[in-house]
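Please read all numbers here as calculations on a predicted model, not as lab measurements. Both counts, for ligands and for their atoms, begin at 1 and track the order of listing.
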Amino acid sequence: MHVSVVGSGYIGTTIAAWFAELGHTVTNVDIDEDVVAAVNNGEAPIHEPGLDELMAAHGGDALVATTDYDEVAGSDVTFLALPTPSNDDGSIDLSAMKAAAESLGDVIAEKDDDHLVVVKSTVIPGTTAETIAPIIEDASGKTVGEGFRIAMNPEFLREGFALDDFKDPDKIVIGAEDDQAVETLNRVYEPLVEAAAGDPAIVETGIREAEMIKYANNAFLATKVSLINELGNICKEYGVDAYEVADAIALDHRIDEHFLRSGLGWGGSCFPKDVAAIRAAARDRDYDPVLLDATVEVNDRQPERLLDLLDDHTDVAGKRVAVMGLAFKPGTDDIRYTRAVPVIEGLLERDAEIVAYDPVATENMREQYPDITYADSAAEALEGASAALFVTDWDEFGALDAEFEAMAEPVVIDGRRIVEPRDGIEYDGLTW
Ligand SMILES: NC(=O)c1ccc[n+]([C@@H]2O[C@H](COP(=O)([O-])OP(=O)(O)OC[C@H]3O[C@@H](n4cnc5c(N)ncnc54)[C@H](O)[C@@H]3O)[C@@H](O)[C@H]2O)c1
Ligand SMILES: O=c1ccn([C@@H]2O[C@H](COP(=O)(O)OP(=O)(O)O[C@H]3O[C@H](CO)[C@@H](O)[C@H](O)[C@H]3O)[C@@H](O)[C@H]2O)c(=O)[nH]1
């Protein structure tokens with residue numbers, strides 16, 4: 001099939017590359033010329049393990065990027081993989097989606113065959129049918145079901161594992177109100193389902209349900225992490241090993257072992273924005289989402305708790321402090337809503353001299369904090385530091401050993417349970 005993907009960010013690039021790998025012809029549209037050039041040169045515009053190889057194989061070949069929406073006309077189906085960031089009140093900003101819907105409508109106006117538009121972005125229930133579809137109708141002069149069709153197909157992949165998650169998903173959710181849209185989406189995913197190592201469930205449901213399933217998924221997982229963080233905080237007060245407790249409760253299949261790592265809490269481009277959006281949407285309908293409010297409150301407190309632990313061990317004013325990890329989690333250069341930001345802010349308030357290290361996210365953070373020092377290695381960050389705060393659980397941090405000996409004062413405050421306590425360091429951790 002000929003598939004087009006609008007937006008070539010974390011989701012758009014991943015799905016475009018995979019659709020090409022699965023044998024589809026793929027056209028990728030993005031407004032950013034640098035992104036388009038990278039894709040056509042066979043380079044990944046974002047950092048994601050394994051993506052370089054996939055882009056090298058298909059970029060400029062089965063996968064061609066363009067800034068020109070007209071190129072979409074030759075495709076059978078278009079996925080909208082555009083950002084839906086938070087407004088100040090938590091609701092989602094649909095400006096990119098609306099602009100793309102209008103451009104797509106102009107293309108559909110000129111097209112003779114039927115076209116399927118699939119919302120891949122995370123949007124509040126009602127958005128696809130009540131906001132996106134009418135814009136395409138106005139711009140194309142056609143109506144849903146006559147000239148074009150609409151569907152919603154949320155994405156559940158995780159950054160850092162994007163390729164594996166996409167090719168081997170637990171579920172594929174197809175939200176649509178007409179059989180032809182369902183059939184087309186099933187054909188798009190057919191080679192993926194055949195190649196998947198597991199047996200992904202295909203959930204055929206309504207458009208609103210598909211939109212809500214995405215928020216429910218993320219709200220559930222974010223709440224699970226906040227719950228284990230709350231329990232971890234209580235464990236610490238009682239000198240109980242929170243990870244032993246987590247391992248034991250995970251044996252109950254109703255709980256399971258995933259998302260039970262307590263620590264600094266959740267960041268990233270999705271949980272913060274999606275929990276904020278569904279809380280705002282609930283309030284919009286006069287429903288008070290007390291549990292989701294608490295989910296966020298627990299999460300907001302974790303960096304403060306880390307900084308309180310630091311204060312228990314040393315006064316960092318005027319001292320060099322290493323911030324170990326800047327990405328919101330390992331395996332990505334994404335710093336959106338990373339817990340590193342409240343940690344850096346807390347250290348700046350304490351007049352610490354910050355030296356930060358991350359294996360891949362340094363350049364992104366440098367744009368936000370140009371005035372702090374960035375080290376090229378973990379060893380360089382630790383050298384001469386009076387304290388080290390572990391913010392991201394990169395594997396390489398777990399292997400640090402002799403490097404701690406170069407610290408001025410070996411105070412190690414672990415936000416991610418990544419450093420093993422040992423002789424020679426003054427260790428404290430959020431949940432240990
Ligand atoms: N990042 C994830 O892991 C993830 C996972 C599941 C769902 N999602 C959802 O997918 C959506 C996209 O997220 P993302 O992280 O890929 O976003 P992103 O910010 O990484 O990428 C968006 C891309 O869209 C381009 N763009 C912006 N406006 C455009 C327009 N009018 N026309 C064409 N291109 C345009 C940008 O240049 C950018 O390359 C969001 O709704 C997000 O919630 C993201
Ligand atoms: O036990 C855990 C698991 C995760 N986290 C933190 O939670 C955040 C999110 O992690 P993860 O879910 O692995 O990364 P994302 O790439 O943000 O993926 C989430 O958000 C995506 C975008 O919506 C969804 O597609 C995925 O299903 C969903 O897991 C990160 O800050 C992690 O450090 C923990 O603190 N403890």
Side-chain angles (χ1 to χ4, degrees), residues 4-16 28-36 38-39 45-46 48 65-69 72 78-86 92-104 119-124 127 153-162 165-166 169-171 211 214-215 217-222 224-229 232 243 246 250 257-275 277 299 302 325 327-332 334-340 391-393 415-417 430-431:
S4 50
V5 179
V6 179
S8 191
Y10 285 87
I11 287 299
T13 311
T14 303
I15 69 171
N28 202 173
V29 182
D30 202 289
I31 48 170
D32 187 325
E33 288 180 2
D34 292 341
V35 166
V36 167
V39 172
I46 51 145
E48 187 61 44
T66 175
T67 53
D68 183 3
Y69 272 81
V72 163
T78 302
F79 288 82
L80 294 177
L82 295 153
T84 48
S86 296
I92 51 173
D93 174 354
L94 287 171
S95 50
M97 293 292 287
K98 287 178 179 172
E102 195 167 341
S103 303
L104 202 53
V119 171
K120 191 53 140 166
S121 300
T122 304
V123 295
I124 290 295
T127 306
N153 168 227
E155 182 51 57
F156 302 96
L157 63 77
R158 295 160 299 165
E159 289 180 23
F161 302 93
D165 283 357
F166 188 70
D170 292 328
K171 59 181 178 271
E211 292 167 325
K214 176 65 196 174
Y215 283 104
N217 225 85
N218 275 356
F220 197 98
L221 292 171
K224 190 173 182 186
V225 175
S226 283
L227 177 56
I228 200 67
N229 280 339
Y243 276 52
E257 86 238 48
H258 298 100
F259 282 68
L260 286 183
R261 287 184 62 82
S262 51
L264 256 183
W266 38 271
S269 66
C270 292
F271 284 1
K273 131 180 125 57
D274 293 349
V275 175
N299 198 52
Q302 295 306 91
F328 82 93
K329 67 170 195 180
T332 180
D334 197 342
I335 58 161
R336 289 178 283 186
Y337 293 97
T338 172
R339 310 275 78 202
V391 171
T392 312
D393 37 347
R416 295 289 182 188
R417 188 72 90 99
L430 270 180
T431 55

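Of all the heavy atoms of Val6, the ones lying under 4.0 Å from any atom of ligand 1 belong exclusively to the side chain. Residue contacts with ligand 1, taken as heavy atom pairs separated by less than 4.0 Å, do not involve Lys120 at all. With a 4.0 Å heavy-atom cut-off, ligand 1 is reached by no atom of Arg158. Within the 4.0 Å heavy-atom criterion, neither part of Ala162 lies near ligand 1. Heavy atoms of Tyr69 found under 4.0 angstrom from ligand 1 belong exclusively to the side chain.
From the protein, the heavy atom lying nearest to atom 41 (O) of ligand 1 is Thr84 OG1, 2.6 Å. For atom 28 (N) of ligand 1, the closest non-hydrogen atom of the protein is Ile31 CD1, 3.5 Å. Among protein heavy atoms, atom 26 (N) of ligand 1 sits closest to Leu82 CD2, 3.6 Å. Atom 37 (O) of ligand 1 has Asp30 OD1, 2.6 Å as its closest protein atom, hydrogens excluded (heavy atom only). If you check which protein heavy atom lies closest to atom 7 (C) of ligand 1, you get Thr122 OG1, 3.7 Å. Looking at atom 10 (O) of ligand 1, its nearest protein heavy atom turns out to be Ile11 CG1, 3.6 Å. At the top of the distance list for atom 21 (O) of ligand 1, counting protein heavy atoms only, stands Gly9 CA, 3.1 Å. When hydrogens are left out, the protein atom nearest atom 17 (O) of ligand 1 is Arg336 NH1, 4.1 Å; that is the closest non-hydrogen contact.
Of all the atoms in ligand 1, the ones that sit under 4.0 Å from a non-hydrogen atom of Glu159 are 1 (N), 2 (C), 3 (O). When each atom of ligand 1 is checked for a heavy atom of Ala96 under 4.0 Å away, the hits are 28 (N), 31 (N).
Contacts of ligand 2 (protein heavy-atom distance under 4.0 Å) are Glu155, Phe156, Leu157, Arg158, Glu159, Lys214, Asn218, Val225, Phe259, Leu260, Arg261, Gly265, Trp266, Gly267, Cys270, Phe271, Asp274, Phe328, Lys329, Arg416.
Between Asp93 and Ser95, the side chains place a donor N or O and an acceptor N or O closer than 3.5 Å (distance only, hydrogens not considered).
The environment of Asp68 atom CG is dense: over 12 non-hydrogen atoms of other residues, nucleotides or ligands sit within 6.0 angstrom.
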